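Beneath this line is the structure, given in structure tokens, with notes to follow.
Lettering of chains follows the sequences in order, A, B, ..., and the numbering in each one begins at 1. Keep in mind that this is a model prediction, so the values were computed, not measured.
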Number of protein chains: 2
Amino acid sequence: MDENGGSGTDDRPSDEWLFDVFSRRCPSRGTLEHVTGRWGSLTLGALHEGSLRFNALRRRVDGVSEKMLSQTLHALERDGLVHREAQPTNPPRVDYELTPLGQQVAEQLLGLIHLVEGRMAEVMVARDRYDEAHAVREG
Amino acid sequence: MDENGGSGTDDRPSDEWLFDVFSRRCPSRGTLEHVTGRWGSLTLGALHEGSLRFNALRRRVDGVSEKMLSQTLHALERDGLVHREAQPTNPPRVDYELTPLGQQVAEQLLGLIHLVEGRMAEVMVARDRYDEAHAVREG
DNA sequence: CAGCATCCTAAACGATACTG
DNA sequence: CAGTATCGTTTAGGATGCTG
């Protein structure tokens with residue numbers, strides 16, 4: 001089923017998963033999902049411009065709910081990609097900014113985003129072609 | 001639904017933004033999600049090494065179900081990132097391979113994957129620190 | 001082998017209400 | 001402002017059975 005290194009044991013944790021994202025037990029897969037996830041990628045992208053406060057970030061990442069932003073931020077902070085700077089003032093002020101690692105990840109991500117955005121015309125054409133070919137032709 | 005082609009009613013400075021994946025109405029967001037999604041990214045990564053048949057791909061992308069692989073493959077094919085080559089033999093043989101655009105996207109993606117993988121040690125440390133700081137301590 | 005259709009559960013998500 | 005807690009909905013995902 002899920003052998004990934006030649007070890008015969010497939011249902012107990014092994015320490016062979018070290019560097020294989022393709023394995024479901026690779027820890028980097030989790031981080032990768034935080035990074036590439038729907039809100040993770042947009043949040044990193046938004047913070048790449050500079051630090052932002054919670055509600056500013058919420059406005060920047062169009063469509064994200066309070067809950068999801070909070071959740072995303074926690075995951076990214078835990079992974080060491082985002083730094084949370086809270087001032088104990090009243091009203092409270094919390095700034096989020098990328099860590100150096102977060103910057104690098106964001107840049108890599110932005111490269112991908114740019115590539116996809118720049119090629120959307122091709123994608124659209126491909127979609128039309130696909131839909132055309134898969135259209136239910138009857139009668 | 002409406003579209004954001006004119007961007008006339010935006011209340012934020014848009015000069016700095018040549019593209020806007022941050023808008024929920026941007027069509028590239030959908031493609032981006034196919035690409036970065038849980039199975040999309042792993043599928044593209046797997047196919048980057050060369051073309052694969054359905055079940056080989058299924059074994060390569062550890063943990064993916066038949067259904068999800070099929071679904072992922074359709075989305076990527078529709079977006080013009082994956083090419084499906086079916087031979088009408090018996091038993092049937094279907095090979096999946098990346099299109100040129102798919103190759104470029106996969107390379108960008110692999111860059112991200114490698115970056116994250118190569119820095120997992122830092123991530124782990126950050127996680128420990130985070131968990132430490134957020135642990136419920138009593139006494 | 002390479003899939004599609006169906007059912008069902010688990011997880012993600014969004015809206016709302018509430019706290020410091 | 002900056003969140004947390006809770007709830008109802010929606011979607012993703014897995015298991016199974018069937019087809020060419």
(request) Please test Trp39(B) against Val61(B) for side-chain contact (heavy atoms from CB on, under 4.5 Å), starting from the C-alpha separation and ending with a verdict. (result) CA-CA 8 Å; Trp39(B) 305 121; Val61(B) 180; 3.8 Å; yes
(request) Report the C-alpha distance between Arg78(B) and His34(B) in whole Å, list the side-chain angles of each, state the deciding distance to 0.1 Å, and finish with yes or no for side-chain contact (heavy atoms from CB on, under 4.5 Å). (result) CA-CA 10 Å; Arg78(B) 190 167 106 96; His34(B) 296 155; over 6 Å; no
(request) Go through the steps for Asp62(B) and Ser23(A) under the test side-chain contact (heavy atoms from CB on, under 4.5 Å), then give the verdict. (result) CA-CA 5 Å; Asp62(B) 188 29; Ser23(A) 162; 3.9 Å; yes
(request) Begin with the C-alpha distance, continue with both residues' side-chain angles, and end with the deciding distance and a verdict on side-chain contact (heavy atoms from CB on, under 4.5 Å) for Arg59(A) and Asn55(A). (result) CA-CA 6 Å; Arg59(A) 282 186 293 274; Asn55(A) 280 307; 3.9 Å; yes
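A side-chain donor-acceptor contact under 3.5 Å links Thr36(A) to the backbone of Thr36(B). Of the possible polar contacts, one joining the Arg58(B) side chain to the Val64(B) backbone as a donor-acceptor pair under 3.5 Å is found.
Here CG of Asp79(B) is found 4.0 Å from OG1 of Thr31(B). Values are rounded to the nearest 0.5 Å. Note: Met120(A) CE to Ser28(B) OG = 5.5 Å, rounded to the nearest 0.5 Å. One distance of note links CD of Glu117(B) with CG of Leu32(A); it measures 8.0 Å at 0.5 Å rounding. If you take CZ on Arg29(A) and CD1 on Ile113(B), they are separated by 10.0 Å, rounding to the nearest 0.5 Å. Atom-to-atom distance recorded for Gln108(A):CD and His114(B):NE2 is 10.5 Å, nearest 0.5 angstrom.
In this view, Glu33(A) and Arg38(B) satisfy the salt bridge (charged side-chain N to carboxylate O under 4.0 Å, His left out) rule, not counting sequence neighbours. Scored by the salt bridge (charged side-chain N to carboxylate O under 4.0 Å, His left out) test, Asp95(A) finds Arg93(A) as partners (sequence neighbours excluded). With sequence neighbours excluded, the residues that form a side chain to side chain donor-acceptor pair (under 3.5 Å) with Gln103(A) are His48(A). Listed by chain and number, the residues in a salt bridge (charged side-chain N to carboxylate O under 4.0 Å, His left out) with Glu122(B) are Arg119(B) (sequence neighbours excluded).
With a 4.5 Å cut-off on side-chain heavy atoms, Gln104(A) and Leu115(B) count as touching.
The nearest whole Å value for the distance from the CG atom in Asp95(A) to the P atom in dA2(D) is 8 Å. Atom CG in Leu69(B) sits roughly 16 Å away from atom P in dA12(D) (whole-Å rounding).
Pairs passing the side-chain hydrogen bond (donor to acceptor under 3.5 Å, both in side chains) check and including a residue from residues 65-74 of chain A, sequence neighbours excluded, read His74(A)-Tyr130(B).
For Ser70(A) and dT4(D), the shortest distance from a side-chain N or O to OP1 or OP2 is below 4.0 Å.
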Show me the side-chain donor-acceptor pairs of residues 80-87 of chain B shorter than 3.5 Å, one per line, residues at least two apart or across chains.
residue  : atom : partner  : partner atom : Å
His83(B) : NE2  : Glu85(B) : OE1          : 3.0
Arg84(B) : NE   : Tyr96(B) : OH           : 3.2

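Listed by residue number, the members of residues 34-44 of chain B with any heavy atom below 4.0 angstrom from DNA chain C form an empty set. Near DNA chain D, defined here as any heavy-atom distance below 4.0 Å, there are no residues from residues 71-79 of chain B. Within residues 51-58 of chain B, the residues having any heavy atom under 4.0 Å from DNA chain C are, by residue number, Arg53(B), Phe54(B), Asn55(B).
A nucleotide of DNA chain C counts as in contact with chain A when one of its atoms lies under 4.0 Å from a heavy atom; the first and last such, 5' to 3', are dC13(C) to dG20(C).
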Please write out each protein N/O paired with an N/O of nucleotides 7-10 of chain D under 3.5 Å, distance rounded to 0.1 Å.
none

(request) Give the dot-bracket string for DNA chain D, reading 5' to 3', where a pair is Watson-Crick or G-U wobble with both distances under 3.5 Å, ( ) marks pairs inside the strand, [ ] marks pairs crossing earlier ones, | marks a partner on another strand, and . marks unpaired. (result) ||||||||||||||||||||
